[in-house]
Student: 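Dropping a structure here in structure tokens format, bear with me for questions.
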Amino acid sequence: MLIKTYNRDYYIIQRQKETEIQEILICEENSDINKVAENGQKYLIIHITDKETIYQVVPFFTKMQESTTFEDYVECFSKEGDFYAVFRYQKEKKLAEKLREENCSFRERLEIGKRLLEKMVLLNMPLYVQYEVLRNENMGVSETLESVFEYSLCEYEQYPKITSTMVNQRIKVIMEQLFAEEIKLNSSPILMMFYESFQEESEEYQDYKTYFSLYQNYDKMYQELLKEDSYLKIRPNTKAFRIWDKLKSKAKFMRAIGTVALLLCIMIFIVFSSFQKKEKKEGERIESIGTIKIMKDEKIKE
């Protein structure tokens, strides 16, 4: 099936989701529907059929067309009484799935959080789009740890009421997913200071009017953790881990003692072996040479 517009032709390759008011389509742009490139640019199209919903969302989507930074948003248009909104689409593993299935290091998770906030700053999305893409089903992560948003939008009734506080609370949930163990075990004071900044009574929270100020605070934490590789020292603050850290701190000293002990053992073995050979050599007695017998304290006999 083909959706034709004035500038583009969208070839539908998948119907991802369908509800009473809309359907989500995955498409590819191509002038020849028989030559769809496997690795070509794909698009996610929100096709809204419910008339009341269309009247509600049109002002929000048309306003987004004025943005010069929101590059993932392509266009919107009406066709035969229905409304269409087009976004760039890139399929990647969901963040929640990645955290659940892969043993991501703290360094990787720290990078994922930074790149998520960086992308939000660069795209400069409206609050209502930010609010939607921060749901688990819309949050993807590439193999290079880049954040990839899937614009499967549906919470239209919330759009007039969405505030930066609501967006920040969804970011807080993502941070809780990224650093669940560290937060639970209170393993990093620097990380905990950032996490506690989401509390409404904190001074930092009052400055989180936009995600840019939140990004600045995260970047500050990020730089402090990377300074002198301090992120490598982050461990759960439990008795077992403290004992383990003490043992590891003494590992070099113990290895040195082990090396000296090994060398001493080798030297003792060499000396002992030499002594045994010498003793054996001095104690040897030749009793015969061919047919001639040699007897101790006796003459040679044939």
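Sequential numbering from 1 along the given sequence is applied to the chain's residues.
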Student: I'd like to know whether Lys17 forms a side chain to side chain contact (heavy atoms under 4.5 Å, CB included) with Ser152, so could you lay out the CA-CA distance, the side-chain angles of the two residues, the decisive distance to 0.1 Å, and finally the verdict.
Tutor: CA-CA 9 Å; Lys17 189 185 299 183; Ser152 184; 3.6 Å; yes

Student: Can you give me the closest heavy-atom contact between Phe83 and Cys76, atom names plus distance?
Tutor: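 Answer, listing the atom of Phe83 first, then Cys76: CZ-CB, 3.6 Å.
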
Student: Are there over 12 heavy-atom neighbours, none belonging to Lys51, within less than 6.0 Å of that residue's NZ?
Tutor: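 Yes, because the 6.0 Å sphere around NZ of Lys51 holds more than 12 heavy atoms from other groups.
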
Student: Would you confirm whether the ring centroid of Tyr43 sits within less than 6.0 angstrom of the ring centroid of Phe87?
Tutor: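 Distance test on ring centres: not under 6.0 Å, no.
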
Student: Do Lys42 and Tyr89 meet the cation-pi criteria used here (NZ or CZ under 6.0 Å from the six-membered ring centre, within 45° of the axis)?
Tutor: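 Judged by the rule, Lys42 and Tyr89 form no cation-pi pair.
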
Student: If I take atom OG1 from residue Thr69 and atom CG from residue Leu122, how far apart are they, to the nearest 0.5 angstrom?
Tutor: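 The distance works out to 9.0 Å.
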
Student: Roughly how far, to the nearest 0.5 Å, is NZ of Lys114 from CG of Leu116?
Tutor: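 That separation rounds to 11.5 Å.
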
Student: Does any non-hydrogen side-chain atom of Arg135 lie less than 4.5 Å from one of Glu155?
Tutor: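 Yes. Closest side-chain heavy atoms under 4.5 Å.
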
Student: Is the shortest side-chain N to carboxylate O distance from Glu102 to Lys93 below 4.0 Å?
Tutor: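 Here Glu102 pairs with Lys93 in a salt bridge, since their nearest N and O are under 4.0 Å apart.
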
Student: Centroid-to-centroid, Phe77 to Tyr84, below 6.0 Å?
Tutor: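 Judged by ring-centre distance (under 6.0 Å), Phe77 and Tyr84 do meet the cut-off.
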
Student: Write down the atom of Tyr151, the atom of Arg88, and the distance for their closest heavy-atom approach.
Tutor: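 The answer is CD1-O, 4.1 Å.
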
Student: Indicate yes or no: does Lys98 engage Glu92 in a salt bridge with an N to O separation below 4.0 Å.
Tutor: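 The answer is no: the pair does not qualify as a salt bridge.
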
Student: Please give me the minimum heavy-atom distance between Ser147 and Ile112, naming the atom from each residue.
Tutor: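 Closest approach of Ser147 to Ile112: OG-O, 4.1 Å.
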
Student: Taking only residues two or more places apart in sequence, or in another chain, which ones meet Arg115 in a salt bridge (charged side-chain N to carboxylate O under 4.0 Å, His left out)?
Tutor: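 Result, salt bridge (charged side-chain N to carboxylate O under 4.0 Å, His left out) vs Arg115: Glu111, Glu146.
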
Student: Can you check whether Leu178 reaches Leu110 side chain to side chain, under 4.5 Å on heavy atoms?
Tutor: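 They are not in contact (no side-chain heavy atoms under 4.5 Å apart), so the answer is no.
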
Student: Out of Lys79, Glu23, Gln22, which one pairs with His47 under the side chain to side chain donor-acceptor pair (under 3.5 Å) rule?
Tutor: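 Single pass found, and it is Glu23.
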
Student: Under 4.5 Å between any side-chain heavy atoms of Gln177 and Leu99, yes or no?
Tutor: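 Counting from C-beta outward, Gln177 and Leu99 do come under 4.5 Å.
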
Student: Over all heavy atoms of both residues, which pair between Glu157 and Pro160 is shortest? Give the atoms and the distance, please.
Tutor: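 Residues Glu157 and Pro160, closest heavy atoms: O-CD, 3.6 Å.
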
Student: Would you say the rings of Tyr218 and Tyr215 are close, in the sense that their centroids are separated by under 6.0 Å?
Tutor: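 They do not qualify: ring centres at least 6.0 Å apart.
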
Student: Can you list every ring-ring contact (aromatic ring centres under 6.0 Å, His included) pair that touches residues 160-183, not counting sequence neighbours?
Tutor: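 Qualifying pairs: Phe106-Phe179.
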
Student: Taking the six-membered ring for Trp, are Phe70 and Tyr73 parallel (under 30°), tilted (30 to 60°) or perpendicular (over 60°)?
Tutor: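 Parallel: the ring planes of Phe70 and Tyr73 meet at under 30°.
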
Student: Taking Ala85's backbone N and O only, do any of them form a donor-acceptor pair with Glu75's side chain (distance below 3.5 Å, no angle check)?
Tutor: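 Not confirmed, Glu75 side chain does not pair with Ala85 backbone.
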
Student: Begin with the C-alpha distance, continue with both residues' side-chain angles, and end with the deciding distance and a verdict on salt bridge (charged side-chain N to carboxylate O under 4.0 Å, His left out) for Arg15 and Glu18.
Tutor: CA-CA 8 Å; Arg15 276 186 170 81; Glu18 188 171 1; 5.3 Å; no

Student: Can a salt bridge be assigned to the pair Arg109 and Glu176 using a cut-off of 4.0 Å between side-chain N and carboxylate O?
Tutor: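 Looking at Arg109 and Glu176, the cut-off is not met.
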
